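Values reported hereafter were calculated over all heavy atoms of this structure, with side chains retained and with hydrogens, waters and symmetry mates removed. Quantities reported herein were computed from a predicted structural model and do not represent experimental measurements.
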Amino acid sequence: MLRDKCLPALARKARYFSIRAVRECLRKHGCPVPPDTLKKYLYDLRKTGTLFDAGYGWYSTLPEAFVLNTESVRELVLLIEKQYPLLEFSVWSTGQIKGFTHDTLARFVEFVYVERHNISPVAERLIDAGYFVYANPRGRQRREFTIRQKTVVIRPRVKTQPREGHFVAIEGLLVDLFVESRGLPIMGLAECRTVLENLAGRYRISIAGLVSYAQQRKPATDDILKS
């Protein structure tokens, strides 16, 4: 029942589904399964390649996990790392998701997240290195925001942001893309959804991580969950 009816039915509706949805599907078919037994069955299906992990309590039929290309932000990371070797920071760029947009991105913007008291010194160092920097833009600076060559936005660090070393993980990038696009003219909400649907519909990401972070980054929650 699980393998031949419930999972195919759930997979036809979406690329990702939760263990709660699996449990509900079994119940509707008159086949309730104890929680530990269901977890064992799902684990066995993962081992056979029928099902794939998409984060805590989530599964997917997509076999290929997304691998984020960090080449476009490597220069910026190395520059900050060299100047501030002990600094906690993370970076992402719209250039990292250019292959999943509907419209071609002519220029890219890079985002750097540091502790609030480090924003000014990092901004000054990047300006000296030839970057066009917006230090936590708000108000007038936000309204006058323009993407130029080597544009960087520096924001206060978000401790729960998914990241791998100094590189923001794809789940964090997607959520922050929605957050930043609400306040800065980076791309429209519909285009953000296109990026999410194209990327997560083709490659497997941690839906659990995406949803968890989105719930902490309002107003991204509604935008992400509606996509």
Side-chain angles (χ1 to χ4, degrees), residues 68 70 72-84 86-98 100-163 166-196 199 210 213-227:
L68 185 62
T70 59
S72 62
V73 292
R74 194 167 297 277
E75 179 183 345
L76 180 59
V77 167
L78 291 175
L79 174 62
I80 299 173
E81 207 172 29
K82 182 178 179 180
Q83 185 68 28
Y84 305 102
L86 301 180
L87 183 69
E88 288 282 349
F89 72 94
S90 55
V91 174
W92 67 271
S93 168
T94 53
Q96 292 176 278
I97 43 89
K98 63 181 180 181
F100 301 95
T101 59
H102 178 267
D103 299 322
T104 301
L105 299 178
R107 292 179 178 175
F108 310 119
V109 54
E110 296 170 290
F111 288 85
V112 177
Y113 298 82
V114 297
E115 295 293 345
R116 190 176 293 273
H117 63 272
N118 287 320
I119 291 178
S120 292
V122 172
E124 291 172 7
R125 178 65 188 93
L126 294 181
I127 290 171
D128 290 342
Y131 286 87
F132 194 86
V133 179
Y134 290 90
N136 199 24
R138 298 182 182 280
R140 180 178 177 181
Q141 192 179 29
R142 185 178 66 181
R143 292 191 297 271
E144 295 176 351
F145 178 84
T146 303
I147 300 178
R148 313 180 189 189
Q149 293 296 334
K150 301 185 75 172
T151 295
V152 171
V153 173
I154 305 179
R155 293 293 195 193
R157 181 168 171 257
V158 183
K159 293 184 178 180
T160 56
Q161 182 188 57
R163 56 187 180 276
H166 293 309
F167 301 100
V168 177
I170 187 58
E171 295 79 15
L173 188 161
L174 291 170
V175 172
D176 287 338
L177 177 66
F178 275 84
V179 172
E180 294 295 347
S181 292
R182 272 182 166 265
L184 299 175
I186 299 171
M187 61 177 65
L189 180 58
E191 186 73 350
C192 290
R193 286 178 176 153
T194 294
V195 171
L196 175 59
L199 192 153
L210 180 85
Y213 185 51
Q215 289 172 341
Q216 301 169 54
R217 293 283 279 156
K218 294 181 179 181
T221 306
D222 292 338
D223 294 340
I224 290 282
L225 297 182
K226 287 177 182 176
S227 299

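Remark: R138 pairs with no residue by the salt bridge (charged side-chain N to carboxylate O under 4.0 Å, His left out) rule, at least two apart or across chains. Remark: R125 engages no residue in a salt bridge (charged side-chain N to carboxylate O under 4.0 Å, His left out) (not counting sequence neighbours). Checked against side chain to side chain contact (heavy atoms under 4.5 Å, CB included), R74 has the following partners two or more places apart in sequence or in another chain: T70, E71, L78, F167. Remark: T194 pairs with H102, E191, N198 by the side chain to side chain contact (heavy atoms under 4.5 Å, CB included) rule, at least two apart or across chains. In this view, F108 satisfies the ring pair (Phe, Tyr, Trp, His ring centres under 6.0 Å) rule with no residue, not counting sequence neighbours.
For the atom pair CD1 (I170) and CZ (R163), the distance works out to 16.0 Å, reported to the nearest 0.5 Å. Note that CD1 of I147 is 11.0 Å distant from CD of E110, once rounded to the nearest 0.5 Å.
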- R116 and N136: side-chain contact (heavy atoms from CB on, under 4.5 Å), yes or no, with the steps? CA-CA 9 Å; R116 190 176 293 273; N136 199 24; 3.7 Å; yes
- Item | Worked verdict on E88 versus Y113 for side-chain contact (heavy atoms from CB on, under 4.5 Å) | CA-CA 8 Å; E88 288 282 349; Y113 298 82; over 6 Å; no
- Could you give me the CA-CA distance, side-chain angles and deciding distance for V168 and F111, then say whether side-chain contact (heavy atoms from CB on, under 4.5 Å) is met? CA-CA 10 Å; V168 177; F111 288 85; over 6 Å; no
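Side-chain atoms of L126 and I154, non-hydrogen and from C-beta on, do get closer than 4.5 Å to each other. You'll find the side chain of R157 stays beyond 4.5 Å of the side chain of N118, heavy atoms only. Between F89 and V77 the shortest side-chain heavy-atom distance falls below 4.5 Å. For the pair V122/L87, a side-chain contact is recorded, criterion being any heavy-atom separation below 4.5 Å from C-beta on. Looking at heavy atoms from C-beta onward, W92 lies out of side-chain contact with L68 at the 4.5 angstrom threshold. The side-chain heavy atoms of Y213 and L174, taken from C-beta on, include no pair separated by under 4.5 Å. Counting heavy atoms from C-beta on, the side chains of V114 and Y84 never come closer than 4.5 Å. Counting heavy atoms from C-beta outward, L177 and L196 have side chains that stay 4.5 Å or more apart.
Here the options are V112, V91, V109, the test is side-chain contact (heavy atoms from CB on, under 4.5 Å), and the partner is V152; only V112 passes.
Closest approach of R142 to L184, counting heavy atoms only: CG-CD2, 3.3 Å. When every heavy atom of A129 is checked against every heavy atom of K150, the shortest pair comes out as O-NZ, 3.8 Å. Across all their heavy atoms, I119 and A135 have their closest contact at CG2-CB, 3.8 Å. The shortest non-hydrogen separation linking V195 to M187 is CG2-SD, 4.2 Å. Across P137 and R155, no two heavy atoms sit closer than the pair O-NH1, 3.1 Å. The two atoms that bring T146 and T151 nearest to each other are O-OG1, 4.0 Å, heavy atoms only.
Other residues, nucleotides and ligands place no more than 12 heavy atoms under 6.0 Å from the CD atom of E75.
Side chain of E124 to main chain of P121: no donor-acceptor pair is present (N/O by atom type, distance under 3.5 Å, no hydrogens or angles). T101 places a side-chain N or O within donor-acceptor distance of the main-chain N or O of K98, the cut-off being under 3.5 Å.
Legend: ring-ring contact (aromatic ring centres under 6.0 Å, His included) pairs involving residues 139-163, not counting sequence neighbours, sorted by first then second residue: Y134-F145.
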